[in-house]
Amino acid sequence: MKNALLAVAMLFVLASCGKKKLLTAQNKINEIQIQLDKARADLNDCDTRTASLNNDLKQKNDELASKNSKLQELEEQIAFLKKNNNNLLDRMSDLSVISKEGSESIKKSLAMMDAQGSQIRDLNSSIQRKDSLNMALVLNLKRSLQDVSDEDVQIEVKKGVVYVSLSDKMLFRSGSSVINTAAEAVLSKVAKILNDYKEIEILIEGHTDNVPIATDRVSDNWDLSVLRATSVARTLQKKYGVEPVRMIAGGRGEYLPKAPNDSAANKSLNRRTEIIITPKLDQFFNLYTPQAGK
């Protein structure tokens, strides 16, 4: 009986010791697990900080590369400026040995260039004034002749001058150089504009078609075109006061047609008298010649 009790007691003691050892081991395992979790957390934190540092390092490297590139550009600019500076110094050195005669020659050349520039400016100004005058002439002529048919009078600017083209059927009878009474009203309106602009010259040109003509007064179309031009000039002078010194009368005959003489309509276009209004050429071309003493 005693032996049985002793055995039970010993079993109880052994069981109690085993439980304590198991508890101790479990506690150690828990501590190790806690330490492992902490180590893992520290490792993750370290990885995060490492990634951030790598990103910072890349940014710094990019900034350094950009600054190095700018530095290289500045060094190239400095080298370029130094080279130019040396070239300027060399030129200044060359200029310093220019003779007095060379210096005077340069001064004269500069003065001549300045004079030529002034002439060019004057010429441009004159051209602008001429263009403005032409525009004013065209506007005034069209306003004055607005009640006249376009078939009888045409106004245009060609090659920098104003053309007033008067039809043959309005001005003259066939083969005649005597101006019709009805045409005088048109010429009076043109004369008023011509008298308003004293600084223009007037070229009057007669034109015909290519149909041959021969009478006791004219031998051919050339004669007829001249007579018609002078007839218009005399009318402008004697009836409407246009100064004869401003007018030139001439004939082109059939040799400057507006259209081929291959139809009745085209022949009608070619039979015309043109009043060509131009600036005074002597005043215009004087701008090309330096004044005496300059």
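- When atom types are taken as modelled, the side chain of Thr230 and the backbone of Val226 share a donor-acceptor pair closer than 3.5 angstrom.
- Remark: Lys169 engages Asp152 in a salt bridge, criterion side-chain N to carboxylate O under 4.0 Å.
- With hydrogens and angles ignored, the 3.5 Å screen pairs a side-chain donor or acceptor of Arg228 with a backbone N or O of Ser176.
- Side-chain polar atoms of Asn261 and Asn270 form a donor-acceptor pair below 3.5 angstrom.
- Between the side chains of Gln33 and Asp37, at least one donor N or O lies within less than 3.5 Å of an accepting N or O.
- Remark: side-chain polar atoms of Thr48 are paired, donor with acceptor, to backbone N or O of Asn44 under 3.5 angstrom.
- Here CZ of Phe172 is found 12.0 Å from OG1 of Thr208. Values are rounded to the nearest 0.5 Å.
- Between the side chains of Tyr255 and Asn221, no donor-acceptor pair of N or O atoms lies under 3.5 Å.
- Leu171 and Leu269 end up in different hydrophobic clusters when Ile, Leu, Val, Met, Phe, Trp and Tyr side chains are linked at under 4.5 Å.
- For Lys38, the salt bridge (Lys or Arg N to Asp or Glu O under 4.0 Å) partners at least two apart in sequence or on another chain are Asp42.
- In this structure a side-chain-to-backbone donor-acceptor pair under 3.5 Å is missing from Asn180 to Ala183.
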Handout entry: Check against side chain to side chain contact (heavy atoms under 4.5 Å, CB included), Thr273 and Ile204
Key = CA-CA 7 Å; Thr273 300; Ile204 303 171; 3.9 Å; yes
Practice task
Report the C-alpha distance between Arg246 and Glu201 in whole Å, list the side-chain angles of each, state the deciding distance to 0.1 Å, and finish with yes or no for salt bridge (Lys or Arg N to Asp or Glu O under 4.0 Å).
Solution key: CA-CA 5 Å; Arg246 299 169 57 196; Glu201 292 183 336; over 6 Å; no
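- Listed for the Tyr163 side chain is no donor-acceptor partner under 3.5 Å among the backbone atoms of Gln154.
- Residue pairs meeting the salt bridge (charged side-chain N to carboxylate O under 4.0 Å, His left out) criterion with at least one member in residues 258-272, sequence neighbours excluded: Asp168-Arg271, Asp209-Arg271, Arg272-Glu274.
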